[in-house]
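When a ligand or atom number is given, it counts from 1 through the structure's own listing order.
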Amino acid sequence: MLCIFGDEKLSGSLHLMDCMPNSSDKKTLKRTYKPKKLNLDPMDIKSNHAAPVLTDPVPITKSRLGIHSSLLPYSPGATFSSGMYITIPRRKVIPSKLDDIRSSGWLDAMKSSSPPRKKLTKDSNIEVAADDSQLVYRSWMLKYPSALASFEQIMNYAKGKRIALFLDYDGTLSPIVDDPERAFMSPAMRSAVKNVAACFPTAIISGRSRDKVYEFVGLTELYYAGSHGMDIMGPVRQSDTGDNHSNCIRSTDKQGKEVNLFQPASEFLPMIDEVFSSLVEFTKGIEGAKVENNKFCVSVHYRNVDEKNWTTVAHGVHGILKDYPRLRLTHGRKVLEVRPVIDWDKGKAVEFLLDSLGLSESDDVLPIYVGDDRTDEDAFKVLREKNRGYGILVSSVPKESNAFYSLKDPSEVMSFLKSLVRWKKSRI
Ligand SMILES: [Mg+2]
């Protein structure tokens, strides 16, 4: 067992997810609950309609506690028992009042998931504020040191190990832009990714559809996982019989090379297409709204929607999802994401790819995952919990993370990739 990471435990941000079970006439709802660790994070919610199945795929005894936002302020009757359970009496609510609360909750979640970009200004007051934020950022970096400044330390640990590299796309390899169709990576970044992929097995794991992210990256040397890891095209192992995972089929890639195609949410395809059409129809009336079909998930971008219409967007999306209890809604940066409720995420995708690469059982493997998104936390967590490798969070603002290191922006990611290549070449 590798011990390099020590025993530091992150309190971690707890995700705010819908925990309402179904609409059956139970008198109470019970969830495991650790009151002291509650750190609400509005970036991960689901529609709060009744669902016929328990939809939370994550063990609630772990850090991903789920409590729906609309439950919290309206649970004065909540009682704690044994310090671990919350019992919430079922109660009648007045629909119009609840709608108001939901709307403000959705709006709050949308705002907190979408912090405004920093603006350069000569105003002296704002310069002082900028200095303060620099100070806060620097102190945050004590907890998440720069992967560039710590490069030697990382590589000391990598000696004698095989590095496997996992990269998110948007905000990691490409800048975040207003039009998601134009999130192009620079030729310099493409070249850096190509070079690093020649040195280490490298995979891109994105929320986009696999085809879309391939279109952006355009490199055949990589492995691609789209739809937050729900659509993986990975290598075929020599010893692989293909029976290890259901939903895994043998296929060929664009070059005719034999690959394994793993799509754990394939049964959701017709449902996703249906929801996509409904969302497109709904957003026709909202200026600036854009719906993107990512094959196994759908993104509703509101980056270009006037803020006064954000509540309308939230209302409409939640309204459509009422009819789809097997889909859930999560918040990203100025995007609402509709995803199937399955026990699968980017962390599982990393494990699947390591397995496919024949690297999952070895102690001499060092996976490194670089990403900026809330969904990348699942991968950071897998690497941290099993002391297997390093998560590197790309962020220019302080935020809680399961990553070990940080990089400020895609240009620092490019420097890191180049350093990896130099390091590898120096050892040949
Ligand atoms: Mg991203």
Side-chain angles (χ1 to χ4, degrees), residues 13 15 41 43-44 110 112-115 117 144 147 165-186 189-190 192-193 196 202-217 219 222-232 290 292 294-303 330-339 344-350 353 368-383 390-403 405-414 416-417:
S13 302
H15 291 218
D41 183 339
M43 294 182 71
D44 196 5
M110 291 163 97
S112 65
S113 305
S114 312
R117 285 185 198 168
Y144 305 98
L165 193 58
F166 300 92
L167 304 167
D168 170 49
Y169 181 73
D170 289 88
T172 298
L173 299 181
S174 73
I176 298 288
V177 291
D178 286 343
D179 181 357
E181 291 297 314
R182 302 189 61 77
F184 304 120
M185 67 196 290
S186 66
M189 180 66 96
R190 183 170 295 103
V193 174
V196 85
T202 303
I204 308 268
I205 304 184
S206 168
R208 305 263 197 166
S209 74
R210 184 166 47 79
D211 284 346
K212 187 77 196 172
V213 79
Y214 176 76
E215 205 179 289
F216 279 133
V217 178
L219 296 170
L222 312 176
Y223 303 109
Y224 291 89
S227 310
H228 298 292
M230 287 183 278
D231 186 8
I232 302 176
K290 186 171 175 57
E292 185 180 7
N294 294 320
K295 194 161 183 176
F296 293 102
C297 42
V298 178
S299 302
V300 181
H301 299 273
Y302 57 91
R303 180 171 297 278
T330 58
H331 283 252
R333 273 202 267 179
K334 293 189 179 168
V335 62
L336 297 171
E337 303 214 67
V338 179
R339 303 167 61 175
W344 195 262
D345 52 42
K346 286 184 171 182
K348 296 256 170 47
V350 166
L353 279 161
I368 295 176
Y369 188 107
V370 190
D372 74 319
D373 205 84
R374 164 64 55 196
T375 56
D376 297 316
E377 291 294 331
D378 295 318
F380 296 155
K381 205 168 153 199
V382 162
L383 298 187
Y390 293 122
I392 301 176
L393 174 69
V394 183
S395 180
S396 58
V397 293
K399 53 169 101 161
E400 271 301 303
S401 174
N402 285 298
Y405 294 103
S406 67
L407 290 168
K408 199 165 190 174
D409 50 32
S411 73
E412 285 203 358
V413 174
M414 186 161 74
F416 181 74
L417 300 182

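- Electrostatic pairing of Asp168 and Lys346 counts as a salt bridge here, judged by a charged N lying under 4.0 Å from a carboxylate O.
- Between the side chain of Glu377 and the backbone N or O of Asn402, at least one donor-acceptor pair lies under 3.5 Å.
- Excluding water, every protein N/O/S atom under 2.8 Å from the Mg ion (ligand 1) is given here by residue and atom: Asp168 OD2, Asp170 O, Asp372 OD1.
- Remark: Lys212 is positioned above the aromatic ring of Phe216, its terminal NZ or CZ atom under 6.0 angstrom from the ring centre and at most 45 degrees off the axis.
- In summary, the aromatic rings of Tyr144 and Tyr405 are positioned with their centroids too far apart to meet the 6.0 Å limit.
- Salt bridge annotation for Arg333-Asp372: present, with a cationic side-chain nitrogen under 4.0 angstrom from a carboxylate oxygen.
- One N or O on the side chain of Ser206 and one on the backbone of Arg208 form a donor-acceptor pair closer than 3.5 Å.
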